[in-house]
Amino acid sequence: MVREANKNDLDAILELYLFLHEDSVPEKNEHLRNTWKQITNDPNHHLIVNEADGRIVSSCVCVIIPNLTRNVRPYAFVENVVTRKDCRGNGYATECLQYAKQIAERENCYKMMLLTGSKKEETLRFYERAGYNSSEKTAFIQWIGEKL
């Protein structure tokens, strides 16, 4: 079942992120609680999860960014696409990305952008099958401070 995360999902999402690029769950301190509250209260920040067998198995983030160009239409930015290793290949991430697209369409976005750090051919093909292309834009990253 695909849905937006709720306030009770923090622990499960942090555990899921261990399959993304994290090597540990962050300390449960005030900064984490405030960040989680900010995310869950922001109407433009959509943390999408997919549940199977009573646990969160896949997720992505879709942020709607207001914009002054393209007839003052916003755009969507998708990040942190992840699926548990033991659940990959079952369409869970595809369902999350489809849900993100529905949000972007509902919000009248003129485009969706997605960044991936993966260079794996199967991952890149997955995003292409989901409707994304890497030929129209070039992404550049500048890390602030130490790369985490």
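Between the SG atom of C96 and the CG atom of N80 there is a distance of 12.0 Å, given to the nearest 0.5 Å. The NZ atom of K28 sits 3.5 Å away from atom CG of D11, with the distance rounded to the nearest 0.5 Å. We find the OG-OH distance between S59 and Y17 to be 4.5 Å, quoted to the nearest 0.5 Å.
The heavy-atom pair separating C60 from A100 by the smallest distance is SG-CB, 4.3 Å. For the pair W36 and N6, the tightest heavy-atom approach, listed with the atom from each and the gap, is CZ2-O, 3.2 Å. The nearest pair of heavy atoms linking S118 to L124 is O-CD2, 3.6 Å. Closest approach of I64 to A104, counting heavy atoms only: CD1-CA, 4.3 Å. The heavy-atom pair separating M113 from Y132 by the smallest distance is C-CE2, 4.4 Å. Of all heavy-atom pairs spanning L16 and S58, the tightest one is CD2-C, 3.7 Å.
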Please list every donor-acceptor pair under 3.5 Å in which a side-chain atom of residues 46-53 meets a protein atom from a residue at least two apart or in another chain.
| from | atom 1 | to | atom 2 | distance (Å) |
| --- | --- | --- | --- | --- |
| H46 | ND1 | E4 | OE1 | 3.0 |
| H46 | ND1 | E4 | OE2 | 3.0 |
| H46 | NE2 | P43 | O | 3.2 |
| N50 | OD1 | M1 | N | 3.3 |
| N50 | ND2 | Y92 | O | 3.1 |
| N50 | ND2 | E95 | OE1 | 2.7 |
| E51 | OE1 | R3 | NE | 3.4 |
| E51 | OE2 | R3 | NH2 | 3.2 |

Applying side-chain contact (heavy atoms from CB on, under 4.5 Å), run through R125 and E128 and close with a yes or a no.
-> CA-CA 5 Å; R125 282 194 309 272; E128 288 172 351; 4.2 Å; yes

Which is it for N71 and Y110 under the side-chain contact (heavy atoms from CB on, under 4.5 Å) test, yes or no, and what are the steps along the way?
-> CA-CA 9 Å; N71 205 24; Y110 77 94; over 6 Å; no

Check against side-chain contact (heavy atoms from CB on, under 4.5 Å), T116 and F126 | CA-CA 11 Å; T116 181; F126 164 74; over 6 Å; no

Kindly determine whether L32 and E27 satisfy side-chain contact (heavy atoms from CB on, under 4.5 Å), including the steps that lead there.
-> CA-CA 7 Å; L32 175 66; E27 179 185 340; over 6 Å; no

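A continuous path of Ile, Leu, Val, Met, Phe, Trp and Tyr side chains, each step under 4.5 Å between heavy atoms, connects F19 with V61, placing both in one hydrophobic cluster. Under the 4.5 Å side-chain contact rule for hydrophobic residues, F77 and V82 share a cluster. Linking ILVMFWY residues whenever their side-chain heavy atoms come closer than 4.5 Å, directly or via other members, places L20 and L115 in the same cluster. Hydrophobic clustering, with ILVMFWY side chains joined whenever heavy atoms are under 4.5 angstrom apart, groups V63 together with I13. Criterion: ILVMFWY side-chain heavy atoms under 4.5 Å apart, direct or through other members. Under it, L10 and V25 are part of a common hydrophobic cluster.
At least one donor-acceptor pair closer than 3.5 Å links the side chain of R88 to the backbone N or O of T83. Between the side chain of N41 and the main chain of K37, a donor-acceptor pair closer than 3.5 Å is present. Side-chain atoms of N34 do not come within 3.5 Å of backbone N or O of H31 as any donor-acceptor pair. Without hydrogens or angle criteria, R73 side chain to N108 main chain gives a donor-acceptor distance under 3.5 Å.
A cation-pi arrangement is found for K111 relative to Y75, the charged atom lying closer than 6.0 Å to the ring centre and inside a 45° cone about the ring normal.
For the pair E107 and C62, the minimum side-chain heavy-atom distance is 4.5 Å or more.
In E122, the CD atom is crowded: over 12 heavy atoms of neighbouring residues, nucleotides or ligands sit closer than 6.0 Å.
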